[in-house]
Asks: 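Starting off with a structure, shown below.
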Amino acid sequence: MEMEPLYRPQGVEERWQRAWEDEGHYRADPSSSKPSYVIAVPPPNVTGRLHMGHALNGTIQDALIRWHRMRGFNALWQPGYDHAGISTQAIVEKELRREGTSRLEIGRDAFLERVWAWLHQYGGEIMSQFRRLGCSLDYERERFTMDDGYVRAVMRFFVHLYERGWIYRDNRIVNWCPDCRTSISDLEVEHIDVDDALTYARYPFADGGGHVTIATVRPATILADVAVAVHPADERYAGIVGREVVVPVVGRRVPVIADERVDPAFGTGALKITPGHDPTDFEIGRDHGLPELTVIDLEGRMTGEIPELLVGLTEEEASDYVVEWLRETKQLEKRESYRHAVGHCAKSGTRIQPLVSLQWWCSMDELARPAIEAIESERVRFHPAVHGRVALDWLRGIRPWNISRQLWWGHQLPIWYCRDGHVVCAETEPAACAECGSTDLERDPDVLDTWFSSALWPFATLGWPDETPELRAFYPGHVDSTARDIIFLWVNRMIMAGIELLGEIPFRDVIVHSIILAPDGRRMSKSLGTGIDPVEVIDEHGADATRYGLLKMSSTQDVRFSVGAIEEGRKLANKLWNVSRLLLANAGDAVADARPRELEERWILARIDATRAEVEADFASYDFAHAVDRLYHLTFDDFCDWFAEAAKPRLYDGDADARATALAALERLLALLHPVMPHVTEEIWGFLPARESRLIVAAWPEADARFAADADALVRVQEAAERFRRSGVATPLDGDEKRIFDAVVRPERAGGPAGANGNVEAEQERLRREISRAEAMLANERFVERAPAEVVEAEREKLERFRRELDALGGG
RNA sequence: GGGCGGAUAGCUCAACAGGGAGAGCGCCUGUCUCACACACAGGAGGCCGCUGGUUCGAGUCCAGCUCUGCCCACCA
């Protein structure tokens, strides 16, 4: 195949993606004797499409996997999907609504069939998009959290926790999403500022004579009031504790109680207590033995012991009624506008309805303790470390986890109830009730929180609870790479589950990558219309360019998407392509063999080796932005601008040593770039003479001490070139240095004297400024006295050098 | 309300352990030089958010302030 002057990634990339996969290079072998290196991909939602966060995270993981594969590791990058309970169910429910039916109408079994049918048709797109990015996941090992084996793992986990006594059922207040029709965990609640009205209502004393005023933002919940509370030290209300007040509208007589959780400074200092619909009130109610009344049902409609005409109204309609009632009875003191944070469902955006409901809970204290220890002792390390401290804060203040969801799509709880109300927890359906022997068993209809199963990802994908070869070979893994928004939801829970079930942490390093924002600084989001489709970026610029650009953007916390970074990658690919054309077109029958004879050859091999060491350090500390920056400058500045230019004459002359050495240098350069830009490097690799193996499985370049001393060998020539370009004045050089200077710098003059014309004065002026700066420093006695000796000495040397250079320009 | 970050060239971002402010893109000038015009060479462009402090010396350390982003949170 011909190498054209313009590198076109389209076609080339797909070809290599197929070849690598078909040839089995992505496969990890559990029976291999090599050391393993394992990353489990954060399982994307099975319904999802690749977004920029996936693309960045995929690139990070693939760079690490490819790097380790080249270094001789048995590298496993585990692929798969999450069933994403709420999202998936919502998509299919929406489809049913369009057809004029509903899940309740068609029933549970038919509904689940519909979900599976939908998934078979539309689900599981992302792995193909990861392929298009060049990601070397072991695709044959794809797992789904709803696979039979995986379900078994989830059941085992539940029963394990149940038998430990950590899973229990309780009537407690939960975050209810009226839209999703399920409870959700605290982590899935977003607090958003909303404008509300604060209603001040007078509650008359039951025995006549006066009233107490409370403030509320939800007048409809007055109907479920069971007490009024004041702070025990609040002198204004000292006399009323123990008396009774009459709840508006419903006329219920309720006590005034004292509780320290009441803030005397807020509102009137008197708080209506509604345990059925407020988390704080729920706690206070429990402690005071108060009833828990519910007046809003699971659909958000008014219900319970309330006036008949209110039943079925929305909360808003009921609130209007209550306020009007208060106004008419002169019990409305005032209403004022009030802005405060209100919980919303992270999935649907609907305002959360706190209500008391019978749910399954998991006590987290015992699970959290060893996870805290693992992070504190840095057996699990977060990068950047600040996320580890945040993770610790969360674990230390951990609260019970509401794990049951009122959905159909997901892992149904392994809980059965018999006629007599006994509860049986078993991995598979029991034949009879363990306590009474009844065979009339009914399974709990609820399913588990999606994240309950995600917690098992690092080992359930390897066959746990069975003792599989995969589990032995690939657990514990090494790296988890993720965005910071799922550290609590997912990362912490994997650590807890891994330690609890296998006795070992699931990974050593957690990489928390940056979030890529839209170019205008807003979040990339479909609803805002600010999203940029990574697949389109790949189609336009190539996967290599996209990978390079994403890594370049990965350094800081949040970064705005910059197409310039992608284009930089595209240019790097093209540059690499063209310098390879130069070397290959002038290779004759040479094969790659490092036989450095000339200065520039020793120098480039040293520069490559030095960069190798730096890139290794960058990768090891997960600093990908600096790694790609170094590779860019190694390619453009060192390899192309200096080495290739200096070597050209001898390549053209047919110098066999020069040709073999140049090819050897190119090989090393391609290897260093492969983890970042796998396609173009593999493509060029294929053109190298006598090359049969693939770069993807080639050895990462070894450290080579032979060249260590030569990394700075061109400093004098480069300084001379700099001076010449600035001022047009040539520094006397001889031997190799003169030859290289002539080869690299002289051809530039062919295009005209633009740069070097008339700049002597400007350069003299620059040097004079530097000289006076250095002189001023050295004239400062306190600087000379107090600064470290080597700093002072370095300043003296700089001064002398500037003076020499000025002399050379005739400016002294 | 609590916590964590960010503010450096027109744009996106670097600057390791305080010691001559950098890169890429964009812009201006020149060159289609037999690897590459997705290139090469040169150039312009910076009160390093503000105010104080520490220091011989501060983009870098400390304090306060302004703006901005994120996380956590049961003040109705």
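Residue numbering restarts at 1 for every chain, and letters A, B, ... go by the order of the sequence lines. Only this structure's heavy atoms are used, side chains among them; waters, hydrogens and symmetry mates stay out.
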Asks: What is the distance from CG of A:Asp520 to P of B:rC11, rounded to the nearest Å?
Replies: 14 Å
Asks: Check every atom of B:rC75, B:rG19, B:rA35 against the side chain of A:Asp263 and return the nucleotide holding the closest atom.
Replies: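 The answer is B:rC75, which lies nearest to the side chain.
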Asks: Just how far is it from atom CD1 of A:Ile515 to atom CE of A:Met524, taken to the nearest 0.5 Å?
Replies: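 Nearest 0.5 Å value for the CD1-CE distance: 11.5 Å.
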Asks: Would you indicate which nucleotide in B:rA39, B:rA76, B:rC74 comes nearest to any side-chain atom of A:Lys575?
Replies: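 Side chain of A:Lys575 sits closest to B:rA39.
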Asks: Both distances below 3.5 Å, Watson-Crick or wobble geometry, any strand: find the nucleotide opposite B:rA7.
Replies: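 By the stated definition (distances under 3.5 Å), B:rU66 pairs with B:rA7.
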Asks: Using a 4.0 Å heavy-atom cut-off, does A:Phe639 contact any base of the nucleic acid, only the sugar-phosphate backbone, or nothing at all?
Replies: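 Nothing, no heavy atom under 4.0 Å.
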Asks: Side chain of A:Lys571, heavy atoms from C-beta onward: which of B:rA39, B:rC71, B:rG19 has the nearest atom to it?
Replies: B:rA39
Asks: Kindly point out which of B:rG19, B:rC74, B:rA15 is positioned nearest to the side chain of A:Met777?
Replies: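 Side chain of A:Met777 sits closest to B:rG19.
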Asks: Given B:rA41, B:rA23, B:rC72, which nucleotide is nearest the side-chain atoms of A:Leu187?
Replies: B:rC72
Asks: Expressed in whole Å, how much space separates the C1' atoms belonging to B:rU29 and B:rC70?
Replies: 45 Å
Asks: Just how far, in rounded Å, is C1' of B:rC72 from CD1 of A:Ile487?
Replies: 13 Å
Asks: What do you reckon, is CZ of A:Arg236 surrounded by more than 12 foreign heavy atoms closer than 6.0 Å?
Replies: yes
Asks: Would you please classify the geometry between the A:Trp577 ring and the A:Phe687 ring as parallel, tilted or perpendicular, with 30° and 60° separating the classes?
Replies: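 Judged by the thresholds at 30° and 60°, the geometry between A:Phe687 and A:Trp577 is perpendicular.
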Asks: Around A:Arg286, counting heavy atoms of other residues, nucleotides and ligands shown, do more than 12 lie under 6.0 Å from its CZ?
Replies: yes
Asks: From CZ of A:Arg560 over to P of B:rG5, roughly how many Å is that when rounded to an integer?
Replies: 20 Å
Asks: Tell me: NE2 of A:His191 to P of B:rC70, nearest whole Å?
Replies: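 The distance from NE2 of A:His191 to P of B:rC70 comes to 15 Å, rounded to the nearest Å.
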Asks: Could you work out the separation of B:rG59 and B:rG6 based on their C1' atoms and round it to a whole Å?
Replies: 14 Å
Asks: Tell me whether the side-chain N/O atoms of A:His340 come closer than 4.0 Å to OP1 or OP2 in B:rA76.
Replies: yes
Asks: Please report, rounded to the nearest Å, how far the P atom of B:rC70 is from the CG atom of A:Asp558.
Replies: 8 Å
Asks: Within the structure, does a side-chain N or O atom of A:Tyr200 lie under 4.0 Å from either OP1 or OP2 of B:rA76?
Replies: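 No, no such contact exists.
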Asks: Roughly how many Å apart are B:rG24 and B:rA44, using the P atom of each and rounding to a whole number?
Replies: 15 Å
Asks: What interatomic distance, in whole Å, is found between C1' of B:rG22 and the corresponding atom of B:rC38?
Replies: 23 Å
Asks: Can you identify which nucleotide, out of B:rG19, B:rC74, B:rC36, has its nearest atom closest to the A:Asn574 side chain?
Replies: B:rC36
Asks: So A:Ser562, base contact, sugar-phosphate only, or nothing? Heavy-atom distance under 4.0 Å.
Replies: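 Sugar-phosphate only.
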Asks: I'd like to know if A:Glu4 reaches the base of B:rA35 with its side chain such that a donor and an acceptor end up less than 3.5 angstrom apart.
Replies: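 No such pair is found, so the answer is no.
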Asks: Starting from C1' on B:rC75, measure out to CG on A:Asp193 and report it in whole angstrom.
Replies: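 So the two atoms are 14 Å apart, to the nearest Å.
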Asks: Return the pairing partner of B:rG22 with a 3.5 Å limit on both distances, Watson-Crick or G-U wobble; otherwise return none.
Replies: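 The base-pairing partner of B:rG22, which may sit in any strand shown, is B:rC13.
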Asks: What I'd like to find out is whether the side chain of A:Ile771 reaches to under 4.5 Å of the side chain of A:Leu799, using heavy atoms alone.
Replies: yes
Asks: B:rA35 C1' sits how many Å from A:Ile684 CD1, rounded?
Replies: 11 Å
Asks: Closest to the A:Asp629 side chain: B:rA23, B:rA35, B:rG19?
Replies: B:rA23
Asks: Taking pairing as Watson-Crick or G-U wobble with both contacts under 3.5 Å, can you name the mate of B:rC40, or confirm there isn't one?
Replies: B:rG30
Asks: From the set B:rA15, B:rC74, B:rA35, return the single nucleotide nearest to any side-chain atom of A:Glu645.
Replies: B:rA35
Asks: Less than 4.0 angstrom between a side-chain N/O of A:Tyr652 and OP1 or OP2 of B:rA35, yes or no?
Replies: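 The answer is yes; a side-chain N or O of A:Tyr652 sits under 4.0 Å from OP1 or OP2.
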Asks: Hey, which of these two, A:Asp278 or A:Leu6, hits RNA chain B nearer its 5' end, going by closest nucleotide?
Replies: A:Leu6
Asks: Taking only side-chain N and O atoms of A:Arg261, does any of them lie within less than 4.0 angstrom of OP1 or OP2 on B:rA76?
Replies: no
Asks: For B:rU68 and B:rG49, measure between their C1' atoms and round to the nearest Å.
Replies: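 Comparing C1' positions in B:rU68 and B:rG49 gives a spacing of 11 Å.
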Asks: Ignoring the backbone of A:Asp641, work out which of B:rA76, B:rC71, B:rA41 is nearest its side chain.
Replies: B:rA41
Asks: Can A:Arg773 and A:Glu770 be said to form a salt bridge (charged side-chain N to carboxylate O under 4.0 Å, His left out), step by step?
Replies: CA-CA 5 Å; A:Arg773 186 195 56 78; A:Glu770 295 288 4; 3.4 Å; yes
Asks: Look at the side chain of A:Arg523 and decide which nucleotide, out of B:rA35, B:rC70, B:rG19, has an atom nearest to it.
Replies: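 Closest nucleotide to the A:Arg523 side chain: B:rC70.
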Asks: My understanding is that a pair needs two contacts under 3.5 Å, Watson-Crick or G-U wobble. By that rule, which nucleotide pairs with B:rU54?
Replies: none
Asks: Using the P atom on both, measure B:rU60 against B:rC16 and round to a whole Å.
Replies: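 Comparing P positions in B:rU60 and B:rC16 gives a spacing of 12 Å.
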Asks: Does the structure show a Watson-Crick or G-U wobble partner for B:rC75, both distances under 3.5 Å? Name it, or say none.
Replies: none
Asks: Using a heavy-atom cut-off of under 4.0 Å over every strand shown, decide if A:Glu770 touches base, sugar-phosphate, or nothing.
Replies: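 It contacts base atoms.
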Asks: Between A:Asn578 and A:Thr268, name the one whose nearest nucleotide on RNA chain B is closer to the 5' end.
Replies: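 With A:Asn578 and A:Thr268 compared, the 5'-side residue is A:Asn578.
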Asks: Below 30° counts as parallel, above 60° as perpendicular, anything between as tilted: where do the rings of A:Tyr632 and A:Tyr548 land?
Replies: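 A:Tyr632 and A:Tyr548: tilted rings.
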Asks: Which pair of non-hydrogen atoms, one from A:Leu517 and one from A:Arg522, has the smallest distance, and what is that distance?
Replies: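 That closest heavy-atom pairing would be CB-O, 3.4 Å.
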Asks: Starting at atom CG of A:Leu651, determine the distance to atom P of B:rC36, rounded to an integer number of angstrom.
Replies: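 After rounding, the gap between these two atoms is 15 Å.
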